Asker: 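This is the structure, below, for whatever I ask next.
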Protein chains: 2
Amino acid sequence: MDEKKERIISATKELIVQYGFKKTTMDEIAAKARMGKSTMYYYFKNKEDIFAEIVRIDSDLFRQKLIDAIQAAYSPQDKIMQYVRTRMLHLKELSNYYKTLTNEYLDHYFFIEKVREDFYSFENKILSDLINEGIQQNIFTPCDIDVVVHMIAIAIKGLEYPLFIQKEQDLERDSKQMMEIIFKGIEVRA
Amino acid sequence: MDEKKERIISATKELIVQYGFKKTTMDEIAAKARMGKSTMYYYFKNKEDIFAEIVRIDSDLFRQKLIDAIQAAYSPQDKIMQYVRTRMLHLKELSNYYKTLTNEYLDHYFFIEKVREDFYSFENKILSDLINEGIQQNIFTPCDIDVVVHMIAIAIKGLEYPLFIQKEQDLERDSKQMMEIIFKGIEVRA
DNA sequence: TTTCGACCATAAAACGGATTTGGTCGAGGA
DNA sequence: TCCTCGACCAAATCCGTTTTATGGTCGAAA
């Protein structure tokens with residue numbers, strides 16, 4: 001039954017938010033999900049599998065949110081801008097929600113790497129398409145798309161930095177200003 | 001006598017490179033510096049003080065190297081480009097040399113923060129001056145200098161990222177391409 | 001097919017004694 | 001007065017051992 005999986009997932013999420021992944025025990029999850037510990041092993045291969053599922057779900061929601069943001073905008077610039085903006089704000093939300101995980105960041109779980117890589121190719125695809133679209137529309141000057149995308153990715157990494165060191169910054173403003181400069185750098189000149 | 005301080009510093013550096021700061025003991029330093037352990041306390045307040053001095057010296061060398069790089073270039077663009085390039089390459093060298101320290105990165109020593117902050121204001125000053133110079137020479141369009149400097153700083157953070165996660169990247173190429181885009185974004189249009 | 005209690009191997013914590021380590025002090029040398 | 005160091009100390013760290021907690025299995029039963 002799928003409702004059981006749901007119970008396990010949501011119990012785990014609550015506990016993770018409070019204690020982090022490593023500190024959360026299977027016994028606690030079972031108690032919160034109101035079922036025997038063994039039962040959970042009928043639905044999930046192991047503890048990491050639960051975590052992986054959570055990450056997968058959140059990751060899918062994230063992607064969908066980004067796609068929506070792009071579709072709500074018109075010009076290529078606006079699409080990219082909204083992409084970056086939405087990405088930063090959502091990431092901030094996430095990093096706030098899963099604050100406890102930041103501490104465990106060092107002992108990285110292998111499957112996170114997989115998700116991360118998948119996300120990067122998703123992002124790469126999206127940005128490439130948008131840049132290309134801009135070039136087709138004679139808005140951006142023809143250029144090496146891979147390079148431009150790579151530069152945007154680097155800029156995004158720089159924008160992410162404050163999140164990482166838990167420093168308060170106006171991500172929305174910074175994102176906007178950064179993208180404006182980059183756009184001026186790749187737009188067709190009048 | 002200053003030669004003694006020198007001996008202590010250099011002994012400590014060698015040991016740090018090999019074992020890291022925490023694993024290096026005062027006894028080992030004393031042995032390598034060929035003097036009694038107590039003697040070292042005549043020259044330095046404590047173990048951290050030695051470390052702080054090393055960081056200070058390296059930091060000064062770093063700054064000087066950056067200043068030299070700037071002075072060897074002519075146009076504001078070239079100066080900024082050489083600044084960023086030199087910064088990245090030196091940082092890479094440093095992070096390679098003090099590899100052992102990367103592991104201790106988490107337990108951050110308070111005085112490192114001080115050095116870091118000082119460096120940031122040094123960097124801010126330099127970049128501000130260069131942008132301003134470019135505006136005076138009618139090379140860059142008049143703009144909010146603080147914003148532009150902040151964006152360059154963010155871009156630098158993004159460029160630094162591969163160093164942090166120990167991922168191999170062509171820093172020199174990336175720096176160049178990133179700055180080229182930013183320059184196009186702030187240059188006066190023909 | 002689904003649930004669970006009993007059970008297991010191992011990992012993590014708790015412990016406590018031995019050792020190491022950063023740092024002090026006063027005596028003594030130049 | 002400047003400098004050096006051996007003897008010493010309190011606190012931190014190490015390390016082997018025991019205890020406890022934890023992730024995961026299995027077979028019975030619903």
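The chains referred to below are lettered A, B, ... by the order of the sequence lines, with proteins before strands, and numbering in each begins at 1. As the structure is a prediction and not an experimental result, all values here were calculated from the model.
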Asker: The test is side chain to side chain donor-acceptor pair (under 3.5 Å); show your working for B/Q64 and B/D60 and say whether it passes.
Answerer: CA-CA 6 Å; B/Q64 195 50 55; B/D60 283 353; over 6 Å; no
Asker: Output, in order, the C-alpha distance, side-chain angles, deciding distance and verdict of side chain to side chain donor-acceptor pair (under 3.5 Å) for B/E187 and B/Q77.
Answerer: CA-CA 9 Å; B/E187 279 165 11; B/Q77 289 104 317; 3.1 Å; yes
Asker: Which distance, rounded to the nearest 0.5 Å, do you find between the CG of A/L163 and the OG of A/S95?
Answerer: 4.5 Å
Asker: Consider the side chain of B/T25, meaning its heavy atoms from C-beta on, and name the nucleotide among D/dG24, C/dG22, C/dG23 that approaches it most closely.
Answerer: C/dG22
Asker: Test for a donor-acceptor pair under 3.5 Å between the base of C/dG22 and the side chain of B/K37, counting only N and O atoms.
Answerer: yes
Asker: Just compare D/dC14, D/dC3, D/dT25 and give me whichever is closest to any side-chain atom of A/Y41.
Answerer: D/dT25
Asker: Give the rounded distance in Å between these two atoms: CE of A/M40 and C1' of D/dG24.
Answerer: 10 Å
Asker: Grab the NZ-C1' distance between A/K23 and C/dA12 for me, whole Å please.
Answerer: 10 Å
Asker: Under the 3.5 Å rule, do the base of D/dT25 and the side chain of A/S38 count as making a donor-acceptor pair?
Answerer: yes
Asker: In this structure, is the centre-to-centre distance between the rings of B/Y161 and B/F164 below 6.0 Å?
Answerer: no
Asker: What is the distance, rounded to the nearest whole Å, between atom NZ of A/K45 and atom P of D/dG23?
Answerer: 15 Å
Asker: Roughly how many Å is it from CG in B/N46 to C1' in C/dT21, rounded to a whole number?
Answerer: 13 Å
Asker: Calculate the interatomic distance between B/Y19 atom OH and D/dT13 atom C1'; express it in whole Å.
Answerer: 18 Å
Asker: Starting at atom CD1 of B/I50, determine the distance to atom C1' of C/dG23, rounded to an integer number of angstrom.
Answerer: 12 Å
Asker: Expressed as a whole number of angstroms, how long is the span from A/D49:CG to D/dT25:P?
Answerer: 12 Å
Asker: Does A/T39 place a side-chain N or O at less than 4.0 Å from the phosphate oxygens OP1/OP2 of C/dC4?
Answerer: yes
Asker: In whole Å, what is the span from the NZ atom of B/K22 to the P atom of D/dA12?
Answerer: 14 Å
